[in-house]
Participant: 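Can you read through this structure? Questions will come right after.
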Amino acid sequence: MDKLKILKNILGKTYNSGDENLYSCPYCKHHKKKLSVNIDKDFFKCWVCDMSGRTVRRLIRRFGSFQQLQEWDKLSGKADISTFDDIFDFKYTPDPLQRISIPDEFVTLTGKSQPASSKPAMTYLENRGITANDMLRWKIGYCVRGQYEGRIVIPSFDEEGYINYFVARAYDSNWRKYMNPSLSKDIVFNQLYVDWDSDIILVEGVFDAIKAGINSIPLLGSTLRENSKLFQEIVKNDSSVYLALDPDAEKKTLRMIKVLLSYGIETYKIDVSDYEDVGEMSKEEFLVRKEQAKAINPEMFSMEQALNTL
């Protein structure tokens, strides 16, 4: 099977126009064939909704089957880390692995039976809408003694399964909400569980990520730098990105969208209005808002940016 046959099976009939093939656009579903695909240059663009991408693989991944994606990869090969020199303005240099031990006083909340000391921590989590399944998936625990006394502890696992960071959030009346280890935040939180071929959801904090569900990654802040490990992984894997940052970080969100679009990343913005953050939402509400999010094209972005400068 060649690439044109794969595209035809996914996008339907086509007609040739020079070096390009024109299809019906699966994004805007315009009745005319306005999606231009150039296989040789590995680029696509819709001349109606302006959706575009620097790799045709994105169309296969989003609208085709897993088998079709595998066949496409066999025909073209997937990008590896060495291509970063061609994509970024800086040279990619892997950093030494960051690893850390969980606090000695850590008590897991993933077991079937819990000690009496777990009640305040469990009550705090339940009040935030966090379930037993969430605690199991995120390997959540707590400390009643030591440096992290009175805190929920949520570890992050690197791609090899080692702990590279953890978040420690007070569940009592401690004035200092968070007391995290003095380590670099330039990690992909819980990279062990990330599926880069599926939609990536970016949120600010870990509790936001728990509500956002599978494949959500906390930024541990409200910025995404081009030279960060997370950004590099997104570009390398050409992942679709859903942004769900706090409403008070609107300007930072727009800056992220601008950078993501400049690298041809399919980007969506989830409406978080009426809430302080994603962590305040129910999982059901977040899912509805994610489904309502629309892909942002350059024209939409320019309009939204202009509205935010008024």
Side-chain angles (χ1 to χ4, degrees), residues 41-45 50-58 61-62 78-98 156 158-159 164-165 180 183-192 194-206 208-209 212 215-246 248-270 272 278 293 295-302 304-306 308-309:
K41 293 182 178 178
D42 201 15
F43 188 83
F44 69 89
K45 177 181 174 67
D50 215 26
M51 182 57 66
S52 62
R54 63 173 183 80
T55 170
V56 181
R57 184 181 188 271
R58 179 181 304 150
R61 177 168 57 81
R62 185 157 191 85
K78 291 183 68 174
D80 58 31
I81 200 74
S82 63
T83 62
F84 275 9
D85 287 348
D86 301 321
I87 297 174
F88 295 99
D89 293 331
F90 56 85
K91 297 288 183 181
Y92 174 77
T93 311
D95 291 330
L97 291 175
Q98 174 171 294
S156 165
D158 66 20
E159 58 186 334
N164 58 1
Y165 197 79
N180 303 331
L183 293 171
S184 172
K185 293 182 180 180
D186 185 17
I187 60 169
V188 179
F189 199 97
N190 268 349
Q191 186 170 358
L192 180 65
V194 176
D195 177 5
W196 298 105
D197 284 333
S198 298
D199 298 332
I200 301 297
I201 305 169
L202 298 184
V203 295
E204 292 194 29
V206 175
D208 298 328
N215 243 32
S216 56
I217 303 175
L219 297 172
L220 302 177
S222 56
T223 56
L224 179 63
R225 295 175 289 105
E226 287 182 72
N227 62 346
S228 67
K229 290 182 175 64
L230 175 55
F231 192 89
Q232 291 169 5
E233 288 294 336
I234 289 170
V235 174
K236 181 180 73 172
N237 292 281
D238 192 34
S239 305
S240 300
V241 172
Y242 283 75
L243 288 172
L245 273 61
D246 300 354
D248 61 4
E250 185 65 20
K251 289 184 178 180
K252 291 182 179 180
T253 299
L254 291 175
R255 284 198 290 270
M256 284 189 215
I257 291 172
K258 182 178 181 180
V259 175
L260 289 165
L261 291 179
S262 73
Y263 283 90
I265 298 300
E266 185 177 322
T267 307
Y268 298 76
K269 181 171 177 284
I270 297 175
V272 190
V278 174
I296 298 175
N297 58 44
E299 184 178 339
M300 288 171 59
F301 170 73
S302 298
E304 188 161 354
Q305 194 174 37
N308 275 273
T309 58

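Side chains are part of it too, since the values below use all heavy atoms of this structure and drop only hydrogens, waters and symmetry mates.
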Participant: Of all the heavy-atom pairs spanning K252 and S222, show the shortest one and how long it is.
Facilitator: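 What the structure gives for the nearest pair is NZ-OG, 3.0 Å.
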
Participant: When rounded to the nearest 0.5 angstrom, what is the spacing between CG in L219 and CD in E204?
Facilitator: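 With rounding to 0.5 Å, CG (L219) is 7.0 Å from CD (E204).
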
Participant: I need the E159 CD to I187 CD1 distance, nearest 0.5 Å.
Facilitator: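 If I round to the nearest 0.5 Å, the distance is 12.0 Å.
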
Participant: Is any side-chain heavy atom of I217 less than 4.5 Å from a side-chain heavy atom of L230?
Facilitator: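 They are in side-chain contact.
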
Participant: W196 and K236: side-chain contact (heavy atoms from CB on, under 4.5 Å), yes or no, with the steps?
Facilitator: CA-CA 9 Å; W196 298 105; K236 181 180 73 172; over 6 Å; no

Participant: If you compare all heavy atoms of M51 against all heavy atoms of A295, which two are closest, and at what distance to 0.1 Å?
Facilitator: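 Smallest heavy-atom distance, with atoms named: CE-CB, 3.1 Å.
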
Participant: What I'd like to find out is whether the side chain of T253 reaches to under 4.5 Å of the side chain of D246, using heavy atoms alone.
Facilitator: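 Result no, sub-4.5 Å side-chain heavy-atom pair not found.
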
Participant: Is the closest side-chain heavy-atom distance between F231 and L260 below 4.5 Å?
Facilitator: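 The answer is yes; the side chains approach within 4.5 Å.
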
Participant: Report yes if some heavy atom in the side chain of L97 is under 4.5 Å from a heavy atom in the side chain of N164; otherwise report no.
Facilitator: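 SC-SC contact between L97 and N164 ruled out.
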
Participant: Any chance you could measure I257, atom CD1, to I265, atom CD1, to the nearest 0.5 Å?
Facilitator: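 It comes to 13.5 Å.
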
Participant: List the atom of D238, the atom of G264, and the distance in Å for their closest heavy-atom pair.
Facilitator: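 Smallest heavy-atom distance, with atoms named: OD1-O, 4.2 Å.
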
Participant: For a salt bridge (charged side-chain N to carboxylate O under 4.0 Å, His left out) check, start with the C-alpha distance between D199 and R62, then their side-chain angles and the critical distance, and finish with the verdict.
Facilitator: CA-CA 9 Å; D199 298 332; R62 185 157 191 85; 3.2 Å; yes

Participant: Any donor-acceptor pair under 3.5 Å linking the side chain of D186 with the backbone of K229?
Facilitator: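 Between the backbone of K229 and the side chain of D186 there is a qualifying donor-acceptor contact (under 3.5 Å).
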
Participant: Could you report the tightest heavy-atom contact between M256 and T223, atom names first, then the distance?
Facilitator: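 That closest heavy-atom pairing would be CE-CA, 3.5 Å.
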
Participant: Could you tell me whether a side-chain N or O of E233 sits under 3.5 Å from a main-chain N or O of V188, the two making a donor and an acceptor?
Facilitator: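 No; zero donor-acceptor contacts below 3.5 Å.
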
Participant: Please determine whether side-chain contact (heavy atoms from CB on, under 4.5 Å) holds for the pair L224 and L243, giving the CA-CA distance in whole Å, both sets of side-chain angles, and the decisive distance to 0.1 Å.
Facilitator: CA-CA 11 Å; L224 179 63; L243 288 172; 5.6 Å; no

Participant: Could you check whether any side-chain heavy atom of V194 comes within less than 4.5 Å of a side-chain heavy atom of N215, counting everything from C-beta outward?
Facilitator: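 Yes, their side chains come closer than 4.5 Å.
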
Participant: For S156 and N190, work out which heavy atoms get closest and say how close.
Facilitator: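 What the structure gives for the nearest pair is OG-N, 2.9 Å.
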
Participant: Taking the side chain as C-beta and beyond, is there a heavy-atom pair between N180 and L220 under 4.5 Å?
Facilitator: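 SC-SC contact between N180 and L220 ruled out.
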
Participant: Are the side chain of Q232 and the backbone N or O of N227 linked by a donor-acceptor pair below 3.5 Å?
Facilitator: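 Yes.
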
Participant: Between R57 and D197, is there a side-chain N and carboxylate O pair less than 4.0 Å apart?
Facilitator: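 A salt bridge links R57 with D197.
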
Participant: Just wondering, do E266 and V241 contact through their side chains at under 4.5 Å, heavy atoms?
Facilitator: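 Side chain of V241 against side chain of E266, heavy atoms only: no contact under 4.5 Å found.
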
Participant: Does T55 offer a backbone N or O that forms a donor-acceptor pair with the side chain of D42 under 3.5 Å?
Facilitator: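 Looks like no, no N/O pair under 3.5 Å.
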
Participant: Out of I200, I201, V203, T267, which residue meets the side-chain contact (heavy atoms from CB on, under 4.5 Å) rule with Y242?
Facilitator: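 So the option named by the test is I201.
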
Participant: If I compare all heavy atoms of A209 with all of S216, which pair ends up nearest, and what's the gap?
Facilitator: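 Minimum heavy-atom separation between A209 and S216: O-OG, 2.7 Å.
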
Participant: If you measure from CZ on F44 to CZ on R58, what distance do you get to the nearest 0.5 Å?
Facilitator: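 That separation rounds to 5.0 Å.
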
Participant: Describe, in one word, how the ring planes of F189 and Y165 are oriented to each other, choosing from parallel (under 30°), tilted (30 to 60°) and perpendicular (over 60°).
Facilitator: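 Geometry flag for Y165 against F189: perpendicular rings.
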
Participant: If we only count heavy atoms from C-beta on, is the L254 to E250 side-chain gap below 4.5 Å?
Facilitator: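 Of all side-chain heavy-atom pairs linking E250 with L254, at least one is under 4.5 Å.
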
